[in-house]
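Accompanying notes for the structure given below.
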Amino acid sequence: MRVFWFAGLLFLARWAHGSEYWNATELEAAYYGAGGGTPPLLVGLTLIQSAAAKGAVCLDGSLPAYHLHRGYGSGANSWVVNLEGGGWCNDIKSCVYRKRSHHGSSYFMEKQLQFTGILSDKPDENPDFYNWNRVKIRYCDGASFLGEGYNKAAGLYFRGQRIWLAAMEELMSNGMHYANQALLSGCSAGGLATILHCDEFRALFPRNTKVKCLADAGMFLDVLDVAGGHTMRSFFGGVVSLQGAWRNLPRTCTSHMDATSCFFPQNVIGNIQTPLFLVNTAYDVWQLQQSLAPKTADPHDYWGGCKMNHANCNGDQLQILLGFRNQMLSAVRGFSLSRKNGLFINSCFAHCQSERQDTWFANNSPQLGYKKIATDVGDWFFDRSKVNAVDCAYPCDNTCHHIVFRGRY
């Protein structure tokens, strides 16, 4: 039975000011209630007081922050570190807009967040990681924790890399230094950050510590839009240039490719030494709306209905989407050959599945080969089995939780 989730368009309305203001954290509040069950854990906000002296501040100069729920029992020395997603800003206007939100300032951050999916504290919702130390690092820079710079005229601090380092130092001093196993994870812009910081995370720990990374919905592809343009490449180019992210991109990539290309994970994943698991949909709705068929490439709104609801896509549009799926599979083909890596790519119209309870581990969660995402991630992390799960093309999968948007795009 297919499941359809409806989302209001207030999350999408802000593309003109940057990108992706609908994310797993915000969507989860709506989704969780629809599934019933025990209310999710609420975890309080902690500011990183030591960050100011390091210049590790949000876009507006405020302190960065995180939410931590302590582990216990067998998980007392195990850590899940989750990097929050929430898009990027690529020019002064969009970054000024962003710094007045919880994605640019801790002054606007929620004082408590729901911990669901991979952050849940319940064994029936998160069987392998429920009793670990679980952390969500808030995202307030706009360049996937990679920026380094300052714009005095606009009062913008591009300090993503410093925030990353300050957060890691804070967690290490709070017990992560003694971890016997650790998993870095993130969704969307946080998934991209997970990929780009994965080997740095590994380097924090002794060699005998089990360290792996999980990137959810972070495989943003360098593809042509429906008008033959380079919407996503142009946008990422602005992020990398404006925020100085080029300074902190993996040298294994920048040694032979331009910086913008190295912000695209397809050019990075092949050189990551740390075991990495990719969770992605082959029909990612964010990339459909903002990269493949953005308004600038579709001025007559030919794609409008399709972007709102996959059921409205006509045959020609489905063929283009099938081509996008094929590019996704091609981008991860070499990566998937390594036994240390893992893969779960389903053919759903969705975006971010590890932080939402309904898609991570619930009675009717998406499955591939009769296994849910949480099961496959656990099997991979604990070396119970090799995981290389790839779905058949849409519409063959009847376990999907498709996202359908209400309102006018």
Side-chain angles (χ1 to χ4, degrees), residues 2 4-7 9 11-12 15-16 19-20 22 87 188 191-192 216-237 260-261 263-267 269 278-336 343-353 366 368 389-409:
R2 291 184 177 88
F4 301 93
W5 294 111
F6 296 90
L9 286 189
F11 301 121
L12 293 175
W15 170 253
S19 79
E20 194 212 334
W22 55 285
S188 197
L192 175 58
D216 179 9
M219 277 298 293
F220 296 95
L221 298 183
D222 186 5
V223 297
L224 296 177
D225 59 40
V226 294
H230 294 271
T231 295
M232 201 64 193
R233 169 164 279 271
S234 175
F235 184 82
F236 271 2
T260 299
S261 293
F263 205 67
F264 284 99
Q266 66 200 75
N267 300 318
I269 56 174
L278 300 177
V279 175
N280 232 97
T281 66
Y283 299 82
D284 188 297
V285 291
W286 189 93
Q287 295 192 65
L288 165 59
Q289 293 178 348
Q290 310 296 4
S291 174
L292 195 61
K295 283 183 174 291
T296 53
D298 181 36
H300 302 295
D301 206 29
Y302 173 72
W303 283 82
C306 178
K307 290 189 291 187
M308 295 286 288
N309 186 341
H310 61 281
N312 296 330
C313 299
N314 61 36
D316 291 339
Q317 290 168 332
L318 288 175
Q319 280 299 117
I320 291 174
L321 294 175
L322 178 61
F324 179 83
R325 171 185 179 269
N326 291 340
Q327 288 178 281
M328 175 77 71
L329 297 184
S330 177
V332 301
R333 186 168 293 119
F335 165 88
S336 68
L343 201 62
F344 187 105
I345 296 186
N346 54 4
S347 292
C348 307
F349 285 79
H351 183 72
C352 290
Q353 300 177 95
L368 290 179
V390 178
D391 212 349
C392 47
Y394 174 83
C396 72
D397 190 341
N398 63 3
T399 70
C400 285
H401 287 203
H402 297 297
I403 294 177
V404 174
F405 295 91
R406 287 174 170 162
R408 183 178 178 181
Y409 183 80

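Values below: all heavy atoms of this structure, side chains included; hydrogens, waters and symmetry mates excluded. Every value quoted in this text rests on a predicted model; they were computed, and no experiment measured them. This chain uses plain numbering: 1 for the first residue, then up along the sequence.
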Identify the heavy atoms of [X] and [Y] that sit nearest to each other, and give their distance.
X      : Y      : result
Leu368 : Ile345 : CD1-O, 3.5 Å
Tyr394 : Tyr283 : N-OH, 3.1 Å
Ser291 : Asp225 : O-CB, 3.3 Å
Tyr302 : Gln317 : O-NE2, 3.1 Å
Asp391 : Arg325 : O-NH2, 2.7 Å
Gln287 : Met219 : NE2-O, 3.0 Å

To the closest 0.5 Å, what do you measure between [atom1] ([X]) and [atom2] ([Y])?
X      : Y      : atom1 : atom2 : result
Gln266 : Arg333 : CD    : CZ    : 13.0 Å
Phe405 : Asn309 : CZ    : CG    : 10.0 Å
Met232 : Leu224 : CE    : CG    : 14.0 Å
His300 : Asp298 : NE2   : CG    : 8.5 Å
Phe235 : Thr260 : CZ    : OG1   : 12.0 Å
Phe324 : Asp284 : CZ    : CG    : 6.0 Å

When you measure from the side chain of [X] to the backbone N and O of [Y], does any donor-acceptor pair fall under 3.5 Å?
X      : Y      : value
Ser234 : Thr231 : no
Asp216 : Gln353 : yes
His402 : Phe349 : yes
Ser347 : Ala282 : no

Exercise for the section: Please step through side-chain contact (heavy atoms from CB on, under 4.5 Å) for the pair Asp222 and Phe236, ending with a clear verdict. Expected result: CA-CA 10 Å; Asp222 186 5; Phe236 271 2; over 6 Å; no
Problem - side-chain contact (heavy atoms from CB on, under 4.5 Å) evaluation trace for Phe263 with Phe220 - result: CA-CA 9 Å; Phe263 205 67; Phe220 296 95; over 6 Å; no
Exercise for the section: State, yes or no, whether a side-chain contact exists between His401 and Cys348 at a heavy-atom distance under 4.5 Å. Expected result: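 The answer is no, as the side chains (C-beta and beyond) never meet within the 4.5 Å cut-off.
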Practice task
Give the intermediate values and the outcome of side-chain contact (heavy atoms from CB on, under 4.5 Å) for residues His310 and Val404.
Solution key: CA-CA 7 Å; His310 61 281; Val404 174; 4.2 Å; yes
Problem - side-chain contact (heavy atoms from CB on, under 4.5 Å) assessment of Leu321 paired with Leu292 - result: CA-CA 9 Å; Leu321 294 175; Leu292 195 61; 3.6 Å; yes
Handout entry: Worked check of side chain to side chain donor-acceptor pair (under 3.5 Å) between Ser261 and Asn267
Key = CA-CA 7 Å; Ser261 293; Asn267 300 318; 4.5 Å; no
